[in-house]
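Each remark here refers to the structure printed beneath this line.
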Protein chains: 2
Amino acid sequence: MVRKQTAADQALRLDNQICFAVYSTAHAFNRVYKPLLDRLGLTYPQYLVMLALWERDGVPVKDIGERLFLDSGTLTPLLKRLEAAELIKRSRSTEDERQVLIALTPHGHALREKAKAVPQSILAASACSVGELLAMKDEIVALRDRLNAVLGE
Amino acid sequence: MVRKQTAADQALRLDNQICFAVYSTAHAFNRVYKPLLDRLGLTYPQYLVMLALWERDGVPVKDIGERLFLDSGTLTPLLKRLEAAELIKRSRSTEDERQVLIALTPHGHALREKAKAVPQSILAASACSVGELLAMKDEIVALRDRLNAVLGE
DNA sequence: ATAATTTATATTGCATACAATCTAATTTTG
DNA sequence: CAAAATTAGATTGTATGCAATATAAATTAT
């Protein structure tokens, strides 16, 4: 006897999972970034931290965590590696000694120039127009923000 | 003297990176899945492996790796944990002794019933219609496949 | 003002990811 | 067929992520 597949059965199919689409695309991006970032001596999460700092540095760890949705368990060791690479400096805030302020070193600032070539390469690899990518990005960010809103409840 | 921001400057902004959108959305999904999967005793990557096996099991590790874009360095320890949880069985193929075949145990099959509730909860958390999600999924998958195509060159 | 609470970061433990390397088994080649 | 190359998994080392816990500093409450 042949039994019709229920909606619940369909929903469990790997191909139907937007979540797997996002997960596997994140890994694909990571692999495309790897050779580009190797030249900068950065991993992808380290690159994200540098992007955040190039926009605004001299900020506490918490600030970076909020911008990247990462916590201290991830950031503390990562930042220590960036410090060991002499791209950033970590120092206790004198105003609030709980805070560790993260500032770019001259070397960290300088790396920004080398990093300018990266987005162009990624754009080429995605084989997509800037407009399409921006539209897709906005949709994905909207989805992410709804998910995070649920988590915050 | 005020200098105009170049396109390269703009491209380095965190907010403009589709890649960060995908990366941070993947983490948001992970956090939404966590409490649901805790009830099944699975992590998210383990859940993906189970989804793949519920569709087709008795397959070599390689087959799972190709479907999930993961390699043996990730899968070997993960599969050993699933075996320790008695959800799967690992056995050398007699036809080709290089291969390790992965089959579901009765317990592994049974878990599928409990998992049926998961997609519905995720759909609710995404606060999005099924149609919108499917459309977005297709776009993201197309992007992923273009990225993977570049990697394969 | 002191106790209780909250906050910022650090630490530990567990589970991915993935490059690089290794071993054993199979396939291809000369 | 025997050597060379390829393939499937396993292992090792490095770097995330994140939950849970710890610690010290700041804030709030009584």
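Values reported hereafter were calculated over all heavy atoms of this structure, with side chains retained and with hydrogens, waters and symmetry mates removed. Convention: sequence-line order gives letters A, B, ...; per-chain numbering from 1.
- To the nearest angstrom, P of C/dA8 lies 4 Å from NZ of A/Lys62.
- Dashed line: the shortest gap from a side-chain N or O of A/Thr43 to OP1 or OP2 of D/dT16 is under 4.0 Å.
- Distance, A/Arg81 CZ to C/dA10 P: 13 Å, rounded to whole Å.
- The CG atom of A/Leu151 sits 14 Å away from the C1' atom of D/dA19 (whole-angstrom rounding).
- Looking at the side chain of A/Thr74, the nearest of the listed nucleotides C/dA25, D/dG17, D/dA26 is D/dG17.
- Atom CD1 in B/Ile88 sits 11.5 Å away from atom CZ in B/Arg81 (nearest 0.5 Å).
- At a threshold of 4.0 angstrom between heavy atoms, the contacts of A/Glu95 are confined to the sugar-phosphate backbone, with no base atom among them.
- Residue B/Leu78 is classed as a sugar-phosphate contact, given heavy-atom separations below 4.0 Å to backbone atoms only.
- Within 4.0 Å of A/Pro60, counting heavy atoms only, lie sugar-phosphate atoms of the nucleic acid but no base atom.
- With hydrogens and angles ignored, a donor-acceptor pair under 3.5 angstrom links the side chain of A/Ser72 to the base of C/dA10.
- Residue A/Gln46 places no side-chain N or O under 4.0 Å from the OP1 or OP2 atom of D/dA15.
- Side chain of B/Asp96, nearest nucleotide from C/dA25, C/dT9, C/dT16: C/dA25.
- Distance, A/Asn30 CG to C/dT16 P: 17 Å, rounded to whole Å.
- Between D/dG17 and B/Tyr23, a contact under 4.0 Å exists linking OP1 or OP2 to a side-chain N or O.
- Using bins of under 30°, 30° to 60° and over 60° for the plane-to-plane angle, the ring pair A/Tyr23/A/His27 lands in the perpendicular bin.
- Of the residues in residues 83-90 of chain B, those lying under 4.0 Å from DNA chain D by heavy-atom distance are B/Arg90.
- A/Phe20 meets the ring pair (Phe, Tyr, Trp, His ring centres under 6.0 Å) test with no other residue; sequence neighbours excluded.
- Minimum atom distance to the side chain of A/His27 is reached by C/dA17, of the listed C/dA17, C/dA10, D/dT16.
- Side-chain proximity of B/Arg92 to the nucleotides D/dG17, D/dG9, D/dC18 is greatest for D/dG9.
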